[in-house]
Colleague: 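Here it is: the structure, laid out below.
Numbers here are sequence positions counted from 1.
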Amino acid sequence: MDSTLRDGEQTNGVSFLPHEKLVIARMLLRDVNVDRIEIASARVSEGEKEAVKMVCRYAKGAGMLDRVEVLGFCDGGRSVDWITECGGSVINLLTKGSEKHCTKQLKRTPDEHIADIKEAINYAHEQGLKVNIYLEDWSNGMKDGPEYVYHMIDALKDCGIMRFMLPDTLGVLTPMQTGAFFREMTSRFPDLRFEFHGHNDYDLAVSNTMAAVSEGASGVHVTVNGLGERCGNAPLASVQAILHDHLGVETSIKEDVLNDISRVVEGYSGVVVAPNQPIVGENVFTQVAGVHADGDNKDKLYCNELVPERFGRKREYALGKASGKANIEMNLQELGLELTPEQVKKITQRITELGDRKSVVTPEDLPFIVSDVLKHDTPDENVKLLGYMVSLSYGIKPLASIKVSINGQEFYGDATGDGQYDAFVKALRRIYRDNLDRRLPDLLNYAVTIPPGGRTDALVQTVITWKLLDGKIIRTRALDADQTEAAIKATFKMLNQIENN
């Protein structure tokens with residue numbers, strides 16, 4: 001069960017708009033094919049109500065309404081009414097899984113709380129809702145004394161509850177404790193369905209999820225990119241890989257879409273995925289050390305079951321001072337460049353020098369380095385920027401006028417845009433469209449950072465991701481003291497790549 005749209009939205013600073021929730025929900029249900037999604041907490045806001053209505057309307061039309069769930073509360077039926085008004089069919093009822101939470105927060109005795117829960121369950125059933133139960137703070141309930149937990153389950157087990165969902169609300173469990181507690185639950189109540197909901201405060205959410213499944217959990221809760229309150233929840237991609245590879249569990253998840261949903265959620269949430277995040281991080285399928293590339297080239301000696309193609313990605317070989325000749329040869333093969341051993345040696349020396357200066361070298365930079373080092377007779381640049389002017393004024397759209405040379409011919413163009421670089425690119429697109437009857441690649445992503453080892457008063461690094469007309473994705477980057485100038489340099493790297501191919 002994916003809770004990105006409920007627990008994931010409790011990440012500090014994250015708030016999905018209704019249409020964003022719909023897009024994510026559709027991808028999770030239709031493309032990623034998770035079994036269920038939890039999309040909201042009842043009674044949060046009118047905007048949340050509209051979002052739940054939109055998702056439920058879509059799910060009902062697609063025959064998937066029973067896979068959509070909403071968190072609700074023991075509040076005299078108000079959560080149930082809210083969910084039914086939205087068109088929902090499943091309530092995940094929040095109850096207290098530790099006596100401390102029951103008596104300190106609710107100011108109720110366990111039996112009084114049980115009476116409130118039964119009242120909420122009966123009303124939900126009367127309104128046609130299916131009911132799951134969250135035992136909030138279950139982990140501390142088991143640690144402090146499981147008698148309270150057992151008393152709760154004994155009192156509720158015959159109330160028509162589909163699933164008992166057991167959260168490690170504060171992320172305090174170890175895998176050994178998780179396994180032991182689930183073993184106690186499943187052996188004591190063998191006919192009930194128990195699910196694990198892990199939080200990552202000690203960086204153990206994935207390990208605890210694995211332990212819960214090993215000891216009989218019938219379901220697990222995840223979020224895309226591990227979003228969630230404080231340190232987040234167990235990440236969908238990591239849990240899927242571990243269930244499949246280490247426990248032999250077959251799921252319905254379509255692994256080749258996991259990277260796509262990660263990028264969508266990253267964009268909508270504004271929470272950037274760490275480069276070393278397993279499965280979906282930018283660097284996880286990039287080999288840096290030359291010895292690794294050499295082993296892969298000879299017999300895939302540094303590959304495991306997490307092959308990038310499985311997740312809709314490809315393996316890359318980084319270029320830098322640690323890469324060595326093997327990495328460079330792998331990148332040259334990818335580009336279709338055949339060089340002599342002496343030429344490869346010269347290229348390796350140049351890239352090592354760049355790495356020592358903290359310069360970032362990408363596979364897309366390699367053809368330019370080759371041309372520079374080997375000093376080919378052919379011109380390095382078939383597309384040149386001869387001159388440009390960009391203006392920025394208050395109350396007036398930015399304007400760009402540019403003069404370029406394309407394969408020896410000079411062209412002029414101008415345009416307005418939403419920013420200086422946007423105006424520049426629009427002028428460039430107009431030149432290609434009006435004079436060459438050609439369409440430029442689509443710009444997918446634009447990122448500005450301080451280069452590794454850089455300072456805020458020095459250079460900025462602009463990285464632009466492009467989608468070529470044949471569907472291929474490339475990234476070009478450039479350094480300059482001015483952000484717009486760096487972006488323009490990166491753009492002309494892309495233009496020369498497509499002209500030279």
Side-chain angles (χ1 to χ4, degrees), residues 2 24 27-35 206 210 222 224-226 234-267 272-320 323-324 326-337 361-367 441-442 444-445 463 465-476 497 501:
D2 184 281
I24 294 170
M27 283 193 71
L28 287 168
L29 291 172
R30 182 189 61 192
D31 302 329
V32 183
N33 201 34
V34 297
D35 296 295
V206 174
M210 182 180 179
V222 296
V224 177
N225 298 338
L236 166 62
S238 298
V239 170
Q240 165 60 23
I242 284 179
L243 291 181
H244 183 276
D245 294 359
H246 292 294
L247 296 182
V249 173
E250 292 298 325
T251 71
S252 60
I253 300 298
K254 297 177 182 175
E255 293 183 333
D256 59 350
V257 192
L258 291 175
N259 191 60
D260 294 337
I261 187 66
S262 173
R263 300 282 79 78
V264 170
V265 171
E266 180 183 41
V272 178
V273 174
N276 61 341
Q277 175 89 4
I279 313 301
V280 295
E282 182 179 2
N283 293 346
V284 298
F285 296 117
T286 300
Q287 301 280 36
V288 175
V291 65
H292 293 170
D294 179 61
D296 285 350
N297 196 31
K298 290 174 179 175
D299 195 22
K300 298 189 181 300
L301 299 180
Y302 292 90
C303 295
N304 55 25
E305 290 186 58
L306 299 174
V307 292
E309 291 76 14
R310 172 178 163 188
F311 304 102
R313 303 184 63 183
K314 58 181 285 189
R315 192 171 304 283
E316 297 181 357
Y317 295 88
L319 299 172
S323 56
N327 276 31
I328 294 164
E329 288 177 335
M330 296 288 273
N331 280 281
L332 291 171
Q333 289 175 19
E334 181 70 20
L335 293 170
L337 297 174
V361 183
T362 71
E364 291 77 26
D365 293 323
L366 194 53
D442 293 328
L444 297 183
N445 193 34
V463 183
T465 304
W466 310 89
K467 183 177 182 180
L468 303 185
L469 301 184
D470 62 2
K472 183 180 178 182
I473 305 296
I474 66 170
R475 291 191 303 273
T476 55
Q497 282 194 51
N501 287 336

Colleague: CG of Asp256 to CZ of Arg313: how many Å apart, nearest 0.5 Å?
Modeller: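 That separation rounds to 13.0 Å.
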Colleague: Give the intermediate values and the outcome of side chain to side chain contact (heavy atoms under 4.5 Å, CB included) for residues Glu255 and His244.
Modeller: CA-CA 10 Å; Glu255 293 183 333; His244 183 276; 4.2 Å; yes
Colleague: Rounded to the nearest 0.5 Å, what separates atom CD1 in Ile253 from atom CG in Asp2?
Modeller: 8.0 Å
Colleague: Quickly, which of Leu444, Ile473, Thr476 forms a side-chain contact (heavy atoms from CB on, under 4.5 Å) with Trp466? Name it, please.
Modeller: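 Of Leu444, Ile473, Thr476, side-chain contact (heavy atoms from CB on, under 4.5 Å) with Trp466 is met by Thr476 alone.
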Colleague: Not counting sequence neighbours, which residues clear side chain to side chain contact (heavy atoms under 4.5 Å, CB included) with Val249? List them please.
Modeller: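 Once residues adjacent in sequence are excluded, the partners of Val249 under the side chain to side chain contact (heavy atoms under 4.5 Å, CB included) criterion are Val213, Leu243, Leu247, Thr251.
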Colleague: Rounded to the nearest 0.5 Å, how far does CG of Leu469 lie from CG of Asp442?
Modeller: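 With rounding to 0.5 Å, CG (Asp442) is 7.5 Å from CG (Leu469).
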Colleague: Flag the pair Asp35 / Ser252 as yes when at least one side-chain heavy-atom distance between them is below 4.5 Å, and no otherwise.
Modeller: yes
Colleague: Indicate the atoms forming the closest heavy-atom contact of Ala234 with Val239, along with that distance.
Modeller: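 The answer is CB-CG2, 3.7 Å.
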Colleague: At their closest point, which heavy atom of Asn225 faces which heavy atom of Gln277, and how far apart are they?
Modeller: O-NE2, 4.1 Å
Colleague: How many angstroms lie between atom CG of Leu28 and atom CG of Leu236, to the nearest 0.5 angstrom?
Modeller: 7.5 Å
Colleague: Taking all non-hydrogen atoms of both residues into account, name the closest pair between Ile261 and Met27 and its distance.
Modeller: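 So the two residues come closest at CD1-CB, 3.6 Å.
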Colleague: Give a yes or no answer on whether the side chain of Arg263 reaches the backbone of Leu258 with a donor-acceptor pair at less than 3.5 Å.
Modeller: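 Side chain of Arg263 to backbone of Leu258: no pair is present.
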Colleague: Can you tell if the side chain of Val273 reaches within under 4.5 Å of the side chain of Glu282, non-hydrogen atoms only?
Modeller: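 Val273 does not reach Glu282 side chain to side chain.
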Colleague: Is any NZ, NE, NH1 or NH2 atom of the basic residue among Asp245 and Arg310 found under 4.0 Å from an Asp or Glu carboxylate oxygen of the other?
Modeller: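 Result for this pair is yes, salt bridge flagged.
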Colleague: How far does NZ of Lys254 sit from CD of Gln240, to the nearest 0.5 angstrom?
Modeller: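 With rounding to 0.5 Å, NZ (Lys254) is 13.0 Å from CD (Gln240).
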Colleague: Are Val206 and Pro235 packed together at the side-chain level, in the sense that at least one heavy-atom pair is separated by less than 4.5 angstrom?
Modeller: yes
Colleague: Find out whether Ile24 and Val224 are in side-chain contact, i.e. whether some heavy atom of one side chain is under 4.5 Å from a heavy atom of the other.
Modeller: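 Answer no - side chains too far apart.
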Colleague: First locate atom CG of Asn445, then atom NZ of Lys467, and finally report the distance between them rounded to the nearest 0.5 Å.
Modeller: 14.0 Å
Colleague: Hey, does Leu306 have a side-chain heavy atom less than 4.5 Å from the side chain of Phe311?
Modeller: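 Side-chain contact under 4.5 Å: yes.
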